[in-house]
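Report on the following structure.
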Amino acid sequence: MYKEESGKMEGIAAVLTKAIAFVAIIVMGYVLKRIHVFKKDDFYLLSKVVIRITLPAAIVTNFSQISMENSLLFMCVLGIACNLVFVAAGYLINVKHTPMDKAFGMLNLAGYNIGNFTMPFVQSFLGPVGFAVTSLFDAGNSVMCTGITYTLASAAAGKSQKGSKLGMLKTLFSSVPFDTYLIMTALAILRVKLPDVVLSFAATAGGANAFLALFMIGIGFDIRLAEKDKIHKIVRMLAIRYGFALVMSVGFFFLSPFSLEIRQALAILMFGPIASVSPAFTGKLDGDIELSSAINSISIVISILSITAALILVL
């Protein structure tokens with residue numbers, strides 16, 4: 001009994017250590033910008049590197065480690081469905097505001113930062129089934145937050161080609177991460193393995209994704225306490241995000257028909273922070289990247305507390 005409790009405490013300490021490291025990277029990016037080692041415009045350069053290089057490489061690496069079991073493929077559908085809930089919420093809470101406000105809400109309420117943030121929690125506390133559930137949920141989640149959500153937000157902002165279906169499709173398939181997920185999903189279903197040299201390259205480039213994504217958020221973070229309107233928007237967005245997360249987590253754990261391991265994984269996944277690519281896509285639409293980065297950064301802090309509490313309750 002003592003060894004079991006000791007092991008659990010060590011696991012919690014390890015996860016908190018990693019979570020603190022994530023926050024430290026964001027703080028480092030912010031501090032280096034404040035002392036002028038980096039400038040605000042460097043956010044856009046880093047976002048291009050993340051969206052076009054490191055994130056696609058991380059997708060290739062993660063998918064190469066997934067065994068596509070047909071019985072768990074429904075988790076991909078859940079990943080898409082949970083994103084659509086937040087996309088709809090982001091649009092509806094801004095239905096009386098400007099098109100850009102609608103697009104901002106859609107981009108910055110939806111998406112889960114699973115690969116960079118939630119996965120370490122899952123790896124530390126849940127077994128192989130939990131890991132598989134998380135990976136497949138992330139597949140659906142990533143299809144949304146690396147392509148479809150941006151396409152819908154672009155249409156809401158009036159920036160897709162005349163709002164036509166062809167314009168939306170062009171926007172969707174011009175997303176390198178989305179194209180990568182599409183290709184890797186097909187290869188995984190067909191059980192096609194990429195050459196080792198490709199996987200080695202992807203692992204090296206993808207290994208930088210977590211750091212660059214979080215560092216990018218730190219550079220983009222610049223919210224002034226005097227800006228009461230922005231503070232109100234941050235509180236409103238995060239209250240909606242984590243209010244929905246609590247309801248969905250409780251619903252999945254107590255009401256869904258899945259096994260305990262799957263229900264535990266889903267309960268934890270709901271509290272994941274907002275997707276780290278949201279500020280990058282917000283910048284791509286010429287939105288308020290400072291506000292987006294602030295929401296994203298604070299969501300990481302809230303998620304650290306929320307996931308830790310969820311782990312204590314569901315394990």
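From a predicted model like this one, the values you see are computed outputs, not experimental measurements. Note: hydrogens, waters and symmetry copies are ignored here, and every other heavy atom, side chains too, is used.
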Next on the checklist: With a 4.5 Å cut-off on side-chain heavy-atom distances among I, L, V, M, F, W and Y, is there a chain of contacts connecting Val198 to Leu187?
Outcome noted: yes
Which side-chain N or O atoms in residues 76-84 pair as donor and acceptor under 3.5 Å with protein atoms at least two apart or in another chain?
unit_1: Asn83; atom_1: OD1; unit_2: Gly111; atom_2: N; d: 3.0
unit_1: Asn83; atom_1: ND2; unit_2: Gly79; atom_2: O; d: 2.8
unit_1: Asn83; atom_1: ND2; unit_2: Asn141; atom_2: OD1; d: 3.1

Checklist entry - Would you find a donor on one side and an acceptor on the other, under 3.5 Å apart, between the side chain of Arg236 and the backbone of Ile93? => result yes
Next on the checklist: Do Tyr112 and Thr118 have side chains that approach each other closer than 4.5 Å (heavy atoms only, starting at C-beta)?
Outcome noted: no
Checklist entry - Taking C-beta and beyond as the side chain, do Ile295 and Lys233 meet within less than 4.5 Å on heavy atoms? => result no
Checklist entry - When you look at Asp41 and Leu45, which way does the side chain to side chain contact (heavy atoms under 4.5 Å, CB included) test go after all the steps? => result CA-CA 7 Å; Asp41 290 343; Leu45 174 61; over 6 Å; no
Checklist entry - If you group Ile, Leu, Val, Met, Phe, Trp and Tyr by side-chain heavy-atom gaps below 4.5 Å, do Val314 and Leu305 land in one group? => result no
Checklist entry - Val60 versus Leu199: any side-chain heavy-atom pair under 4.5 Å? => result yes
Checklist outcome for this item: Output for pair (Ser303 OG, Ile274 CD1), nearest 0.5 Å, gives 8.0 Å
Item to check | Heavy-atom side-chain contact between Tyr30 and Ile217 under 4.5 Å | outcome: no
Result block: side-chain N/O donor-acceptor pairs under 3.5 angstrom for residues 247-255, not counting sequence neighbours:
unit_1: Ser249; atom_1: OG; unit_2: Ala267; atom_2: O; d: 2.9

Item to check | Heavy-atom side-chain contact between Ile148 and Leu152 under 4.5 Å | outcome: yes
Checklist outcome for this item: Across all chains, not counting sequence neighbours, the side-chain hydrogen bond (donor to acceptor under 3.5 Å, both in side chains) partners of Ser142 are Asp138, Tyr181
Checklist entry - For the atom pair OG (Ser276) and CD1 (Ile26), what is the distance rounded to the nearest 0.5 Å? => result 9.5 Å
Checklist entry - Are the side chain of Asp179 and the backbone N or O of Val176 linked by a donor-acceptor pair below 3.5 Å? => result no
Next on the checklist: In this structure, would Met144 and Val85 fall into the same cluster of hydrophobic residues linked by side-chain contacts under 4.5 Å?
Outcome noted: yes
Checklist entry - Is there a donor-acceptor pair closer than 3.5 Å between any side-chain N or O of Ser299 and the backbone N or O of Asn296? => result yes
Checklist entry - Nearest 0.5 Å, what's the CG-CD1 distance between Leu238 and Ile302? => result 4.5 Å
Checklist entry - With hydrophobic residues grouped by side-chain heavy-atom distances under 4.5 Å, do Phe201 and Ile59 end up in a single group? => result no
Checklist entry - Is the backbone N or O of Asn108 less than 3.5 Å from a side-chain atom of Ser278, with the two atoms forming a donor-acceptor pair by type? => result no
Checklist outcome for this item: One should read off an interatomic distance between Thr61 OG1 and Leu194 CG, to the nearest 0.5 angstrom, of 10.0 Å
Item to check | Ala157 to Met100 - nearest heavy-atom pair and separation | outcome: CB-SD, 4.4 Å
Checklist entry - Any side-chain heavy atom of Leu291 within less than 4.5 Å of one from Phe104? => result yes
Checklist entry - Yes or no on side chain to side chain contact (heavy atoms under 4.5 Å, CB included) for Leu285 and Tyr150, after CA distance, side-chain angles and deciding distance? => result CA-CA 9 Å; Leu285 282 181; Tyr150 172 73; 3.6 Å; yes
Next on the checklist: Treating Lys33 as the side-chain partner and Ile219 as the backbone partner, does any N or O pair qualify as donor plus acceptor under 3.5 Å?
Outcome noted: yes
Checklist outcome for this item: Applying side-chain hydrogen bond (donor to acceptor under 3.5 Å, both in side chains) to Ser256 and not counting sequence neighbours gives none
Item to check | CZ (Phe211) with more than 12 external heavy atoms under 6.0 Å | outcome: yes
Checklist entry - Got a donor-acceptor contact below 3.5 angstrom from the Thr149 side chain to the Leu107 backbone? => result no
Checklist outcome for this item: Nearest heavy-atom contact between Ala57 and Ala205 is CB-CB, 3.7 Å
Next on the checklist: Taking the side chain as everything from C-beta on, heavy atoms only, tell me whether Ile35 gets closer than 4.5 Å to Leu32.
Outcome noted: yes
Checklist outcome for this item: Residues Ala208 and Thr54: closest non-hydrogen pair is CB-CG2, 4.3 Å
Checklist entry - Under the side-chain hydrogen bond (donor to acceptor under 3.5 Å, both in side chains) test, which residues partner Lys193, sequence neighbours left out? => result Asp196
Item to check | Parallel, tilted or perpendicular: rings of Phe74 and Phe258 (30°, 60°) | outcome: tilted
Item to check | Stepwise side chain to side chain contact (heavy atoms under 4.5 Å, CB included) check, Met75 with Ile262 | outcome: CA-CA 10 Å; Met75 295 300 128; Ile262 294 176; 3.9 Å; yes
Checklist entry - What are the two closest non-hydrogen atoms of Ala110 and Val87, and how far apart are they? => result CB-CG2, 3.7 Å
Item to check | For Tyr44, ring pair (Phe, Tyr, Trp, His ring centres under 6.0 Å) partners two or more places apart | outcome: none
Checklist entry - Quick one: does Ser154's side chain get under 4.5 Å of Phe281's, heavy atoms only? => result no
Checklist entry - To the nearest 0.5 Å, how far apart are OG1 in Thr180 and CZ in Arg52? => result 12.5 Å
Item to check | Distance-minimising heavy-atom pair for Gly29 and Phe215 | outcome: CA-CE1, 3.4 Å
Checklist entry - Does one hydrophobic cluster hold both Met270 and Val301, with members joined at side-chain heavy-atom distances below 4.5 Å? => result no
Checklist outcome for this item: One should read off an interatomic distance between Phe137 CZ and Ile268 CD1, to the nearest 0.5 angstrom, of 12.5 Å
Item to check | Closest non-hydrogen atom pair between Gly272 and Tyr242, with its separation | outcome: O-OH, 4.2 Å
Checklist entry - Going by an N to O cut-off under 4.0 Å, is there a salt bridge joining Lys230 and Asp288? => result yes
